[in-house]
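Please read the structure below before turning to the comments.
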There are 2 protein chains.
Amino acid sequence: MSGEGPFTHQARNQRKSVRTRARLMDAAVEVFARDGFEAASVNEIARRADVVNGTFYVHFKDKDAIAAEVAFKVAYDIARQIDGAMTHIDNAAERFSCATRQFIEIACGQPQWGWVLIRSAGYAPEVHRQVESYLRTDLALGVRQGLFDLEIDAFTMDTILSMILAALAARLRGDTGPEAASKVSEMVLRVLGVPAVAAKAFAWSPIELQGFKIQTTL
Amino acid sequence: MSGEGPFTHQARNQRKSVRTRARLMDAAVEVFARDGFEAASVNEIARRADVVNGTFYVHFKDKDAIAAEVAFKVAYDIARQIDGAMTHIDNAAERFSCATRQFIEIACGQPQWGWVLIRSAGYAPEVHRQVESYLRTDLALGVRQGLFDLEIDAFTMDTILSMILAALAARLRGDTGPEAASKVSEMVLRVLGVPAVAAKAFAWSPIELQGFKIQTTL
DNA sequence: CCAATAATTGACAAAGGTCCCAAAAAACGC
DNA sequence: GCGTTTTTTGGGACCTTTGTCAATTATTGG
């Protein structure tokens, strides 16, 4: 086994079944991140969780089942962290910029989670829904505040999300430094109709967070 | 076998080896488009090309080899079609909008090629390079013409490409109608710094093509 | 038309995948 | 500590995949 992952940590005081399940999920994250969903094998996941192959099937029906659960939990957890740290920001452009930058930062701090998000975006609708949920609210707010002049429909959301994920991928690949998060924020704000100068200001201003620091594990 | 694909058609008068190779490539397009690169199997490709498994290995070293070749040929061919039909347009914003809209239209006319482009974008650098080659020229031109005010670096290119591919994917999934191409053009032009009104005008103006119509097969 | 060359075949080994299950071991409540 | 319940084990049945190769069949130039 390779260290203790976030799910395992969260399950530390629960009954054995729960702990094993959590170990399988941490292992699945590693394998999905490295090999992609299609190429990942149940055997490899079990091996990394230090259980024999048969144990896997006690806990999950098949590969699809664990993938859906892992993707959902990862997306949910990240979204929750971001939301919690932003309750004090009112301006929609600032909220968007802050959320996007934090999202990329958090996902980079846990690279395997980042890759799982990217690689599962195509297959797992629940990931899309999770990430979009925090986006949609702020975008709609911006329209109401008169900051954004673009119609926020499903296609717009989809395009914006793909920009953010592209930035995350570039960052995880190491193609770019931490500035990618601000760059992509600025680009999206321009798409939304924020004037260039204001977009730059929002995207590059320092982030103020509620509380000390962002929590990067469950 | 399921009909005659573009590669097979192009190879119709060549020697047998070339024709079989082309059939394998058409089959590979179908399988990669349907299953994605990771899940695609050499067996399935051979079956669809109406040859036995062993024949595949006469023509290609392995799955990677055929994937690289297919992705490159598809990207190259589409880029060539677009370039050829745009020699008479001078304005960079118009060129970009026209190229993007045609790109999506062509890729949708041959859905399997479209999916191959999307699914291989992550794995095959040659696809990125091909598609970016026609983009980069026009974006740089726009900066020189004073139309765009955004620095065109690798990250910018990457983000813009991901927007275009997201629109293509939405279109191929049937999530959106033909207007997606104009919508995404408009969004990218805004990113590039084109004023909202002008961006809308460029993105939705009718396309004038050199010659009669776009060719949609090799 | 025939010999030489080119191309395809089909069977197979080796590797690895999925999923199941009877038996063993561990954990739990009393 | 002890019997019951929960959980894990290990191996096996069966399938798919990859990649190779000697044998066979098709094509083609002379």
Side-chain angles (χ1 to χ4, degrees), chain A residues 1-2 4-5 7-70 119 123, chain B residues 1-2 4-5 7-8 10-70 119-120 123:
Chain A
M1 181 164 42
S2 33
E4 186 187 73
F7 291 126
T8 306
H9 186 253
Q10 190 184 36
R12 62 203 172 289
N13 289 327
Q14 313 244 199
R15 59 187 306 116
K16 176 138 198 183
S17 164
V18 176
R19 280 179 280 136
T20 303
R21 213 180 138 79
R23 286 222 313 286
L24 282 165
M25 288 179 69
D26 279 323
V29 167
E30 288 179 42
V31 177
F32 288 144
R34 200 194 50 188
D35 301 341
F37 171 72
E38 319 259 20
S41 92
V42 169
N43 276 358
E44 175 69 6
I45 293 171
R47 206 175 307 135
R48 293 211 165 213
D50 274 331
V51 294
V52 296
N53 163 284
T55 304
F56 177 91
Y57 291 95
V58 173
H59 296 278
F60 298 97
K61 192 180 147 290
D62 53 24
K63 199 168 69 172
D64 282 51
I66 197 173
E69 200 160 328
V70 160
R119 309 200 77 146
Y123 307 102
Chain B
M1 182 164 41
S2 33
E4 185 186 73
F7 290 125
T8 306
Q10 190 184 38
R12 62 204 173 289
N13 290 325
Q14 313 245 197
R15 59 187 308 119
K16 177 142 200 183
S17 166
V18 177
R19 279 179 280 139
T20 303
R21 206 167 196 287
R23 285 223 313 285
L24 282 165
M25 290 179 69
D26 279 323
V29 167
E30 288 179 42
V31 177
F32 287 143
R34 199 194 50 188
D35 301 340
F37 172 72
E38 319 256 23
S41 92
V42 169
N43 275 0
E44 175 68 6
I45 293 171
R47 207 174 307 133
R48 292 216 165 210
D50 274 333
V51 294
V52 297
N53 159 283
T55 304
F56 177 91
Y57 292 95
V58 173
H59 295 279
F60 299 95
K61 191 182 151 289
D62 53 24
K63 197 169 71 171
D64 282 52
I66 197 173
E69 199 160 329
V70 160
R119 309 201 80 149
S120 66
Y123 307 103

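Just so it is clear: chains get the letters A, B, ... in the order the sequence lines come, proteins before strands, and each one is counted from 1.
In this structure, Tyr57(B) and Val42(B) have side chains that are in contact, with non-hydrogen atoms separated by less than 4.5 Å.
Residue Ser17(A) is classed as a sugar-phosphate contact, given heavy-atom separations below 4.0 Å to backbone atoms only. Looking at heavy-atom distances under 4.0 Å, Thr55(B) makes contact with a base.
Rounding to whole angstrom units, CG of residue Asn53(B) and P of dT16(D) are separated by 14 Å. Atom-to-atom, CZ of Arg19(B) to P of dA6(C) comes out at 16 Å; the value is rounded to the nearest Å. Taking atom CG on Asp50(B) and atom C1' on dA26(D), their separation rounds to 17 Å, with Å as the unit. dG19(D) atom P lies 14 Å from atom CZ of Phe60(B), rounded to whole Å. Rounded to whole Å, atom C1' of dT27(D) lies 16 Å from atom CG of Asn13(B). The CZ-C1' distance, from Arg23(B) to dA7(C), rounds to 12 Å in whole Å. Rounded to whole Å, atom P of dT16(D) lies 17 Å from atom CD1 of Ile45(B). Distance, Gln14(A) CD to dT6(D) C1': 16 Å, rounded to whole Å.
Within the 3.5 Å criterion, the main-chain N or O of Gln14(A) finds a donor-acceptor partner in the side chain of Arg19(A). In terms of modelled atom types and a separation under 3.5 Å, the side chain of Asp26(B) and the main chain of Val29(B) share no donor-acceptor contact. In this structure, the side chain of Arg48(B) does not engage the main chain of Ile45(B) through any donor-acceptor pair within 3.5 Å.
Side-chain proximity of Tyr57(B) to the nucleotides dT18(D), dT8(D), dA7(C) is greatest for dT18(D). In the set dA7(C), dT18(C), dT9(D), the nucleotide with an atom closest to the side chain of Thr20(B) is dA7(C). With dC19(C), dT9(D), dG10(C) as the candidates, the nucleotide lying closest to the side chain of Val52(B) is dG10(C).
Residue Lys16(B) has a polar side-chain atom (N or O) positioned under 4.0 Å from OP1 or OP2 of dT27(D). Regarding contacts with the backbone of dT7(D), every side-chain N or O of His59(A) stays at 4.0 angstrom or more from both OP1 and OP2. Side-chain N/O atoms of Arg15(A) include one lying less than 4.0 angstrom from OP1 or OP2 on dT7(D). Proximity of Asn43(B) to the phosphate of dT16(D): no side-chain N or O atom is located under 4.0 Å from OP1 or OP2.
Taking each heavy atom of Ala67(B) and Phe37(B) in turn, the nearest pair found is CB-CE1, 3.3 Å.
Both Ala39(A) and Gly54(A) lie close to DNA chain C; mapped to their nearest nucleotides by heavy-atom distance, the more 5′-ward contact belongs to Ala39(A). For the pair Ser41(B) and Val51(A), nearest-nucleotide mapping onto DNA chain D gives the more 5' position to Val51(A).
With hydrogens and angles ignored, no donor-acceptor pair under 3.5 angstrom links the side chain of Asp62(A) to the base of dC19(C).
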